[in-house]
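Basis for what follows: all heavy atoms, side chains included, without hydrogens, waters or symmetry-related copies. Quantities reported herein were computed from a predicted structural model and do not represent experimental measurements.
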Number of protein chains: 2
Amino acid sequence: MKHRVTLKDIARHTGVHVSTVSRALDPAKSTTISDGMRKQITDAASALGYRPNRLAAGLRTNRSMTVGVMIPDITNALFPPIVRGIESVLEPLGYASILVNTDSEPEREARLVEVLRDRGVDGIIHAAALRQDPTIARAAEAGMPVVTLNRRIEGAEIPFVINDEDAGIRLAVAHLHGLGHRRIAHVAGPQNLSTGQLRAEAFRRAIRALDLPADPRLISEAQRFDEDEGARAAEHLLDTAPPFTAMVCANDRLALGALSVLRARGVPCPAEVSVTGFNNMPFLDRIEPALTTISIRQAEAGAIAARRLIALIGGEAPGGMLETVLPVELVVRGSTGPCPTLESPRDL
Amino acid sequence: MKHRVTLKDIARHTGVHVSTVSRALDPAKSTTISDGMRKQITDAASALGYRPNRLAAGLRTNRSMTVGVMIPDITNALFPPIVRGIESVLEPLGYASILVNTDSEPEREARLVEVLRDRGVDGIIHAAALRQDPTIARAAEAGMPVVTLNRRIEGAEIPFVINDEDAGIRLAVAHLHGLGHRRIAHVAGPQNLSTGQLRAEAFRRAIRALDLPADPRLISEAQRFDEDEGARAAEHLLDTAPPFTAMVCANDRLALGALSVLRARGVPCPAEVSVTGFNNMPFLDRIEPALTTISIRQAEAGAIAARRLIALIGGEAPGGMLETVLPVELVVRGSTGPCPTLESPRDL
DNA sequence: TCTGATTTCGCAATCGTTTGCAGAAACCTG
DNA sequence: CAGGTTTCTGCAAACGATTGCGAAATCAGA
């Protein structure tokens, strides 16, 4: 392992002091260095193959040029695009991101926040899942620049970027309404997750706004955002709810579970029951029936969050523009169709 | 932003020297500290909420306790499980991982290796894609601990963990052969990617081993591992190759493209042409027809690579066990079926 | 030529930890 | 009790960079 070339080496080679070298190599400070000297030094630097040691610089400046990216689980197809969106703005600026998976466990999350602080990250982007986790709010109050994705943190002045969950659900409901559906059920997500709760609220609002029946039995809550829970919740609806002709699912995986149940029970989709999802995961257009869903702008959300964080790190007050709401789009595919005629209602 | 508590603070509070504090807090060195003193110090440390500054420690010890994880693209469904596998062993050991996406561009990759070195990573896990990229080999030769996933680097002594590509293709071909297929085509991946090349070679071997026709026209090469190229290559086969009854695709996305083409041309799958993929991506069981494919152990590969890297960082010679080959499994689903009778060959 | 302003550069401290070395104290051993 | 260990702790120098401050050099103007 060869000796890494440092400022000192360049200083020795050019016969100047290490501080002069440091200044000559810093574009911001190089005004205080004569042109000749600077050229001499930069030449020597590139000749020797100098690469600054960011740890050392970070120690001195208290700026590590790294940010922490906290997500529930990179394995969840929702997050990779977000991560890339973040990286696409951070990397060109010289920032590196250290990625951690919280699994939505508060204690794990708390530990990871500490880990990130130990490493001196300049800020944290937190793709939140839980509705309440005080850890991140505390970090923000302690002066750590923080931006959250998917969730607003009450009280603290933390910028956040979210999708327009309300509009998404409203689009789905309106779409079904337009197809003639009147009795619409909701497979809700976990209510301790922000998206689950927001979408359930949005569903109730949308139903009310259209003067549709708001029977609480038409809402079944999944404990997790996965296929099994989607199936369970859908079965619960089929078994206990009054007849309905459409299911608005709080996310695509729940919808996949619901579709499985319909198929298993021989209920044709969309002939008898239409289904919608949320998120527009990959490959949803390949399944049978292709899932009608709401597409969201993950990469853009990541990029915006990253830019907000950079601004915060740069000293901008968070107060200015706390909220960024990204538009969503309805993607109509095969899983939704016209409401079956009332003469042949689905057997219960 | 409050002052962060340092060793110096603890020293002041307990009235001892900072070096004593450092030793008392280091489990390895604490033998040289009396029990009473150590207790006093650890108590003060936790009372003050001390958290070591890893940057400072890293600067001194030349050990940053971070590793670089280089992957082509986290958006590719193949990699998230690998990343989690890596994290699952690294995080408990106190390592953080900084993640970078290379997009399989050599110059970008070279730059990112430098970025990682600047940050003083203790090692690099490189989920390779390109068959040749000298950058990572140079880094390894310069003394950086490196482990690669999916690729062997010739010459350099770099441990690598790969899937048993050969067995995977052999399984697919044998499965088709068992179903009666004799004329089997191959949608090959890009030959500048290691997996593409290895699988194409494996295909030829498997064909030869079964004494099946090894017509070069039965192999069509995709330029990228995506659906569009899979479709293009499949069309090329249908248009120019002699009749065949099965297609072994070098990866699932190519297979998806191939399935689209078959459907578009009205060629029923698997009635007239069977199709297999590779990787067992999520949701492949939900599409129509469900794709028969080869499942690989991504998370395990990541975990093993991480363990190997830790060993390297710990000073172990890479020579010992360079190669780890992970077993693969055939997953039979709906896209493969018995060979159509010869009396009704597919029209060309 | 001298003064004062300006540029250009070196000195040294500093960030928070780690660690070789040495000194002091305590403990044995003969 | 002298001499030799062993145990404990402090001192200070690193690690590689940044930066306030001051000194030297240059320059302009009188």
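For B:R54 and C:dG16, the CZ to P distance is 16 Å, given to the nearest whole Å. The nearest whole Å value for the distance from the CZ atom in A:R119 to the P atom in C:dT17 is 14 Å. In this structure, CZ of A:R12 is placed 15 Å from P of C:dG10, rounded to the nearest angstrom. One can place CG of B:D9 at 13 Å from C1' of C:dC15, the figure rounded to the nearest angstrom. B:I10 has its CD1 atom 14 Å from the P atom of D:dG10, to the nearest Å. Rounded to an integer number of Å, the gap from CG of B:N62 to P of D:dA17 is 12 Å. If you take NE2 of B:H17 and P of C:dA22, they are 17 Å apart, rounded to a whole angstrom. We find that CE of A:M37 is positioned 11 Å from P of C:dT8, with the value rounded to whole Å.
Summarising the geometry, atom NE2 belonging to B:H17 is positioned 11.0 Å from atom CG belonging to B:L7; distances are rounded to the nearest 0.5 Å.
Within the 3.5 Å criterion, the main-chain N or O of A:P80 finds no donor-acceptor partner in the side chain of A:Q298. For the pair B:R308 (side chain) and B:M321 (backbone), a donor-acceptor distance under 3.5 Å is present.
The shortest side-chain heavy-atom distance between A:I296 and A:L78 falls under the 4.5 Å cut-off.
Residue whose closest nucleotide on DNA chain D sits further toward the 5' end, between B:V21 and B:L59: B:V21.
In this structure, B:K8 does not reach the C:dT17 phosphate: none of its side-chain N or O atoms is under 4.0 Å from OP1 or OP2. Of the side-chain N and O atoms in B:S19, none sit less than 4.0 angstrom from OP1 or OP2 of D:dC11.
When heavy atoms are screened at a 4.0 angstrom cut-off, B:T6 is found touching the sugar-phosphate backbone but no base atom. A:R63 comes within 4.0 angstrom of no nucleic acid atom, judged by non-hydrogen atoms across all strands.
With D:dT18, C:dT19, D:dA17 as the choices, the nucleotide that has an atom nearest any side-chain atom of A:S22 turns out to be D:dT18.
Taking 3.5 Å as the limit, the base of D:dC8 and the side chain of B:T20 contain no donor-acceptor pair of atoms between them. You'll find a donor-acceptor pair under 3.5 Å spanning the side chain of B:R23 and the base of D:dG10, going by distance alone.
Ionic pairing of B:R111 and B:D118 is not present here: no N-O contact between side-chain nitrogen and carboxylate oxygen is shorter than 4.0 angstrom.
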